[in-house]
Amino acid sequence: QVPLVESGGGSVQAGGSLKLSCVPSPNIVSVECMAWFRQVPGKEREGVASLERSGDTNYADSVKGRFTVSRDKGTKTWLLQIESLKPDDTAMYYCAVQTTRSLCGINWIQRPYSSWGQGTQVTVSS
């Protein structure tokens, strides 16, 4: 069973918006922290945003003010609201979670994550 399922990606014009969702499988319990990453073929994976157990959030400088990470407690879904999309935002977007609290003390970009999704593609045209 896929531990996390992302959705909401698509093809949009620059300036548009998208809302990505990350739904955990029933096997995923007690998530302590999570993050969104993105990757373009041939490039390193880039941390986009994180949501910590405390509710604190972290964002890459390139997305601050445009991306918002949150959790819908009712549906137990993590969300990434993306505004003012740019062509440079084109990438496969992945969500990742960590269920071990102590590991969430590591910097959100460098920490290991216990489960990953398969990604949802975001394509932004100019």
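These figures come from a predicted structure and were not determined experimentally. We count residues from 1, following the sequence as given.
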If every non-hydrogen atom of Val48 is compared with every non-hydrogen atom of Val63, which pair is closest and at what distance?
-> O-CG2, 3.5 Å

Within the distance-only criterion (no hydrogens, no angle test), does the side chain of Tyr59 pair as donor or acceptor with the backbone N or O of Val69 below 3.5 angstrom?
-> yes

Got a second to check how far Ser11's OG is from Gln121's CD, nearest 0.5 Å?
-> 7.5 Å

Sidechain-backbone polar pair: Glu6 side chain, Leu20 backbone, donor-acceptor under 3.5 Å = no

dist Thr99:OG1 -> Asn27:CG (nearest 0.5 Å) comes out at 11.5 Å

Is there a path from Val23 to Val2 through hydrophobic residues (I, L, V, M, F, W, Y) whose side chains come within less than 4.5 Å of each other?
-> no

Check for a donor-acceptor pair, side chain of Thr90 on one end and backbone N or O of Val124 on the other, with a separation under 3.5 Å.
-> yes

Check: Arg53 side chain, Glu32 main-chain N or O, donor-acceptor pair, under 3.5 Å = no

So if you build clusters from Ile, Leu, Val, Met, Phe, Trp, Tyr with side-chain heavy-atom gaps below 4.5 Å, do Phe37 and Leu85 land together?
-> no

For the pair Gln98 (side chain) and Pro112 (backbone), establish whether a donor and an acceptor sit closer than 3.5 Å, ignoring hydrogens and angles.
-> yes

Heavy-atom count around Gln1 CD within 6.0 Å, excluding the residue itself: above 12?
-> yes

Aromatic contact, Phe67 with Trp36 (centres under 6.0 Å) = no

More than 12 heavy atoms of other groups within 6.0 Å of Gln118 CD = no

Is there a donor-acceptor contact under 3.5 Å from the side chain of Ser114 to the main chain of Val97?
-> yes

Does one hydrophobic cluster hold both Tyr94 and Leu4, with members joined at side-chain heavy-atom distances below 4.5 Å?
-> no

Which residue pairs pass the salt bridge (charged side-chain N to carboxylate O under 4.0 Å, His left out) test when at least one of the two sits in residues 83-94, sequence neighbours left out?
-> Arg38-Asp89, Arg66-Asp89

